[in-house]
Amino acid sequence: MSSSKVNIIRFVLNDEPVEVLVPPTEILLNTLRERVNVKSIRYGCGEGSCGACTVLVDGKPRLSCLTLTISVDGRDVTTVEGLSKDGELHPIQKAFIEHNAAQCGYCTPGFILLLKALLDRNPNPSRDEVIDSLSSNLCRCTGYKNILEAAMSVVRRR
Amino acid sequence: MMELSTIGKPVPNFYAQSHATGQTQYVDDVSFPGMLWAKAFRSPVPRGRIKRIDYQKALNVPGVVSVLTSKDVPNNLTVDLFMIGVGPPDEPVLAEEYVNYIGEPICLVVAKDQYAAQKGAERIEADIEELEPLLDPEEALRPGAPIIKSWGHNAFIYGSGTDGATPPGGQGRPYFQVKRGDVERAFQSADHVIKGEYVMHPQEHAPIETHVCVAKPEPDGRLTIYSSSQAPYFVRSNVANVLKMQESKIRVISLNVGGGFGGKVDPDIEQLTALAALKTNRPVKWRWTREEEFTVSTVRAGTKVYLEDAVSRDGLILGRKGRLIHDAGAYSKTSPYGVIKATVNLSGPYRIPSAYYQGYCVYTNKQPSSAMRGYGAYESTFAVELHMERIAKSIGIDSWEFRFKNAYRRGDVSVTGKVMEDAYLIEVMKEAARLANLRLPEHLLLMSSER
């Protein structure tokens, strides 16, 4: 906000150090989209209901619309841009493409990050555990069947 | 069976790669140096008369650049379908003397960022005399109901040249009418008369991407509009009409739409964003909040349908009377057209030799309804199929059998006089039953849509 008080916040974004100057009330969604130019996290509701703004903070899913930027000082932030390495897509990304798990694509990065956090924590989750972990995010186009199929194909491949 | 090369085979989504890497571009990603943000001040009441608006305190908020009112709009009264002759224009871009639904835009605050725009909108003071709202479309049709439309009736007038379908000069009536055959005689000769009432609630599209628009004035006097619209040409005509600009001076760029489902057909966000850009001579962005998406974006119309069928002893429909009441909300948008579609669809996919249908497009003090996935046909289908079940049950016939008997066959004529050259309902029902592992009786399986 137009407060004159600003803080210098340093964090690691997709393995690169970032330094931003932000007012104390600024949310991470706006910092990433408007100051750091990361557009893959998206505004859907601004109140923690839809999950389109999901990021990983120290590997755990966080809603960037409810996260103050000052709270990620010194932390490790991951967005979907950080998943592919040297042009090679992450297996979860490949699975989403193979299984047509995106129609409009607006919610897709959030779902991919949720799944990454789950598989990093539990490499062999059950179908119910996958459903449970994806249930925080909303999709309005494809329905959830293809998203779940993509997710389960990654689990089976492990 | 012939091997099909395309039908039944998945086709990869053209955008799959960019979706999975987060690189797909949406309107919210568009940004320009010096870009301003817009925020609406909206009506807090469902119906009222505006006595005074004080926006001086909004202008005093640091960062607020401008506050627009109806006086700033070159052509403030509009109707979405003016291009096909629908009128009269009944919707103000910004409210003038009256407000007709909660959330109707009254002023637009334009500021250097979204925070200042929000603060500006919060500082606007409005003195609005609250009037008794019309909330039920059937109440709105009763004699003595308060009238909220300038033409003296709470329903759209069809047949007077203002519906985009009839020549001007006709007398007009407050409903759309479809007639075929002698429906009274069908009811006299019927063995059964079955009535039903069916109500469908309004529905919100709820796309994950809310409405968003960026408008940018170009140095040569042209205007570029980046829009989340599903209907960019619709946006261009409507913005040109409201701003009194030539269409050729407006360029609409449609990026990926983050879900629309019909809810991003109406040009609600683009008209005002474009105006703000012209007034301030700066690029302007307007993004609706989730709350706005739910409370002021269009919905599928709440609809009430009365059906009454004349049916013979052996289960043939001889005639049908239908009365459909479509809740347009406060303004027309695309509702006059949606009601035509709903009314002609009251026969469903069935052979109904005589019919009399009336479709009412009724105005109430609620958020306007408009397009949503097959609107019109969908609301009728809901009522018609429930009615088919009710008839079958009340005359003691299996509902599959009842549908097979009354399904369109090749050569049948619809209520509007269309000859059914490609009738396939019987074949579709047989296949549906097979997929559902339901065994139909032999005599139904022997039926076909060939006469």
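Not measured: the values here are computed from a predicted model. The sequence lines fix the lettering, A, B, ..., with proteins before strands; numbering per chain opens at 1. Note that these values count all heavy atoms, side chains included, but never hydrogens, waters or copies made by symmetry.
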Is it the backbone or the side chain of [X] that comes under 4.5 Å from a heavy atom of chain B, or both, or neither?
| X | value |
| --- | --- |
| A/Asn30 | side chain |
| A/Leu89 | side chain |
| A/Glu34 | side chain |
| A/Ala102 | both |

Examine distances only and state if a side-chain atom of B/Asp266 and a backbone atom of B/Asp268 form a donor-acceptor pair shorter than 3.5 Å.
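It does not hold such a pair.
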
Sub-3.5 Å donor-acceptor pair from the side chain of B/Gln367 to the main-chain atoms of B/Ile102, do we have one?
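Side chain of B/Gln367 to backbone of B/Ile102: no pair is present.
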
Check the angle between the aromatic planes of B/Tyr15 and B/His19 and answer parallel, tilted or perpendicular using the 30° and 60° thresholds.
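The rings of B/Tyr15 and B/His19 lie parallel, inter-plane angle below 30°.
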
If we ignore angles and hydrogens, is there a donor and acceptor under 3.5 Å between the side chains of A/Thr31 and A/Glu26?
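Judged by distance alone, the side chains do pair up.
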
Cut-off 3.5 Å, side chains only: do A/Gln93 and B/Thr21 have a donor facing an acceptor?
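Result is no, nothing qualifies.
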
Contact class of B/Phe261 relative to chain A, heavy atoms under 4.5 angstrom
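Side chain of B/Phe261 only, per the 4.5 Å heavy-atom cut-off to chain A.
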
With a 4.5 angstrom heavy-atom cut-off, which part of B/Tyr26 approaches chain A: side chain, backbone, both or neither?
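B/Tyr26 touches chain A through side-chain heavy atoms alone.
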
Looking at B/Thr289, B/Asp28, B/Asn256, B/Thr210, which one has more heavy-atom pairs under 4.5 Å with chain A than the rest?
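Of the candidates given, the most pairs with chain A belong to B/Asp28.
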
Quick one: of B/Pro10, B/Ser18, B/Ala16, B/Ala20, who has the most non-hydrogen atom pairs under 4.5 Å with chain A?
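Top option by heavy-atom pairs under 4.5 Å: B/Ala20.
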
Heavy atoms only, distances under 4.5 angstrom: which of A/Ile41, A/Asn100, A/Leu138 has the most pairs with chain B? Name it, please.
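Result: the option with the highest number of such pairs is A/Asn100.
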
With respect to chain B, which residue among A/Thr108, A/Ile97, A/Val80 yields the maximal number of heavy-atom pairs within a distance under 4.5 Å?
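Going by pairs under 4.5 Å, I would pick A/Ile97.
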
